[in-house]
2 protein chains.
Amino acid sequence: MSTTPETGTRSRTRRAILSAAASVLARNRAATLADIAEAAQVGRSTLHRYFPDRRDLFNATVTDSFQAVERSVAEAAIDHGPPLEALRRLIAAMVDVGDRLAFLFGDARVLEEYTDCFEPDLSVPTTIDLIKRGQAQGVFDSQVSAEWIQEMLWALTYTGWEAAEKGLLPRHGVTAAVIRMFENGIVVRREP
Amino acid sequence: MSTTPETGTRSRTRRAILSAAASVLARNRAATLADIAEAAQVGRSTLHRYFPDRRDLFNATVTDSFQAVERSVAEAAIDHGPPLEALRRLIAAMVDVGDRLAFLFGDARVLEEYTDCFEPDLSVPTTIDLIKRGQAQGVFDSQVSAEWIQEMLWALTYTGWEAAEKGLLPRHGVTAAVIRMFENGIVVRREP
DNA sequence: CCATAATGGGACATGAACGTCCCATACTCA
DNA sequence: TGAGTATGGGACGTTCATGTCCCATTATGG
């Protein structure tokens with residue numbers, strides 16, 4: 001049962017398809033396979049050659065996107081340093097993979113259905129861990145659940161990506177805008 | 001060209017369909033007309049009788065949902081009183097029509113495509129007005145654009161609705177959770 | 001330069017959702 | 001109770017994305 005290692009060409013084609021799928025589906029989840037193939041600059045036949053089924057492509061795209069996000073987040077080393085700084089690195093990392101995150105987050109049921117399959121990798125420090133660490137240190141709001149904070153983190157990041165998508169925010173300002181909101185909200189506080 | 005006023009029965013049926021459409025499509029935008037008909041407790045024939053086309057139904061649902069949201073927001077009287085309190089009323093009003101808002105907000109392109117059609121009603125004070133008023137009074141963050149704040153407001157409200165949907169937040173706690181986040185973020189501040 | 005891998009594009013069958021039509025039934029109001 | 005309204009459900013044709021095959025063409029690598 002040895003899987004023959006993929007040719008360079010095949011590997012590139014596969015990744016092009018997965019990337020295009022995430023990008024296209026993030027913006028329109030009713031997109032046709034033909035749409036995706038076109039975006040990947042690949043014939044529809046080729047797409048089917050790599051992913052026989054639509055479900056196959058979808059599953060693969062979920063897995064791939066999840067891994068891409070995971071990798072980006074892992075690089076942020078959110079288990080090191082002060083929670084606040086770690087959070088900022090985390091947000092920056094998430095914005096970096098906005099496409100993939102938008103795909104995963106766009107359809108609410110995607111994450112729900114697949115979330116179980118990807119938990120086991122305990123080597124990667126989770127967002128929840130970071131939030132709880134911050135809460136334990138009294139840096140983050142402890143009046144609300146860590147899970148709820150995580151939801152908002154994803155939502156705000158997605159919103160930032162979307163805002164950039166429609167030209168409402170400059171690309172390079174997304175991270176800062178999200179961080180600003182996430183940390184402080186919109187109410188101006190005056191020193192007593 | 002006098003439009004005969006609708007029978008009570010027809011009016012009820014129509015509203016049942018529109019409500020069901022918003023609710024079903026909010027949770028699954030690939031839902032079948034049969035799904036919607038079933039949710040509305042109506043035969044598929046009847047649905048087609050009221051909305052010949054899928055596009056017809058969709059357009060009507062957008063309009064209806066928009067008006068429902070508008071009505072709810074109007075009741076919040078966001079042009080009166082201190083901006084902070086008005087904002088809280090606004091969020092509560094939006095959470096109240098969570099279904100409709102989720103439908104409108106769920107598909108990013110829905111609002112983009114239709115947003116032009118609904119602007120003209122200037123009698124209703126807009127969210128943007130409230131945000132700008134708050135910014136002018138130095139109560140809301142002026143470092144970011146009002147449009148961006150509005151995006152986040154919708155996003156957070158939607159996230160709250162979704163969190164309740166999946167049991168992550170209690171229904172009655174959604175409004176408070178959203179307000180808390182929107183105003184203060186998650187970072188704990190200490191008095192100097 | 002040649003063998004083989006990889007691709008593109010067309011032809012075709014399939015199935016699901018859609019839109020239309022029709023008729024029997026139930027409900028409403030005078 | 002009778003006329004007209006509103007509905008449900010089924011039958012039917014159509015469209016479109018999908019999935020499968022096949023063959024000619026191009027790219028790759030030894």
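In what follows, every chain begins at residue 1, and chains take the letters A, B, ... in the order their sequences are listed.
Atom-to-atom, NE2 of H48(B) to C1' of dG9(D) comes out at 14 Å; the value is rounded to the nearest Å. Rounded to whole Å, the distance from CD1 on I36(A) to C1' on dA17(D) is 12 Å. Atom-to-atom, CZ of R14(B) to P of dT7(D) comes out at 10 Å; the value is rounded to the nearest Å. For the pair L57(B) CG and dA17(C) C1', the computed distance is 14 Å after rounding to whole Å. Whole-Å rounding puts the D35(B) CG to dA16(C) P distance at 14 Å. At whole-Å resolution of the value, CZ in R12(A) and P in dT7(C) are 10 Å apart. We find that CG of L47(A) is positioned 12 Å from P of dT20(D), with the value rounded to whole Å. Distance CZ (R54(B)) to P (dA16(C)): 17 Å, rounded to an integer number of Å.
Considering only side-chain N and O atoms, Y50(A) lies under 4.0 angstrom from the phosphate OP1 or OP2 of dT7(C). Phosphate proximity of dT7(D) to T13(B): present, with a side-chain N or O under 4.0 Å from OP1 or OP2.
Here E147(B) does not pair with K166(A) in a salt bridge; the nearest charged N to carboxylate O distance is not below 4.0 Å.
More than 12 heavy atoms of other residues, nucleotides or ligands lie within 6.0 Å of CZ in R171(A), so this atom counts as buried by the packing criterion. Atom CD of Q41(B) sits in a sparse spot, with 12 or fewer heavy atoms from other residues, nucleotides or ligands closer than 6.0 Å.
In this structure, the nucleotide among dG8(C), dG9(D), dG19(C) sitting nearest to the side chain of S45(A) is dG8(C). Residue R10(A) has its side chain nearest to dT7(C) when only dT7(C), dT20(D), dG19(C) are considered. Side chain of L33(A), nearest nucleotide from dG19(D), dG19(C), dG8(D): dG19(D). Looking at the side chain of T9(A), the nearest of the listed nucleotides dA6(C), dT18(D), dC18(C) is dA6(C). Listed nucleotides dT18(D), dA6(C), dG8(C) differ in distance to V42(A); the shortest reach to its side chain belongs to dG8(C). For P52(B), whose side chain is taken as the heavy atoms from C-beta onward, the closest listed nucleotide among dC18(C), dG19(D), dT20(C) is dT20(C).
Residues Q150(A) and S145(A) have side chains not in contact (no heavy-atom distance under 4.5 Å, counting atoms from C-beta outward).
Below 30°, between 30° and 60°, or above 60°: for F105(A) and Y158(A) the angle between ring planes is between 30° and 60°, a tilted geometry.
Summary of the strand contacts: R49(B) and D53(B) both lie near DNA chain C, and taking for each the nucleotide with the nearest heavy atom, the more 5' one is attributed to D53(B).
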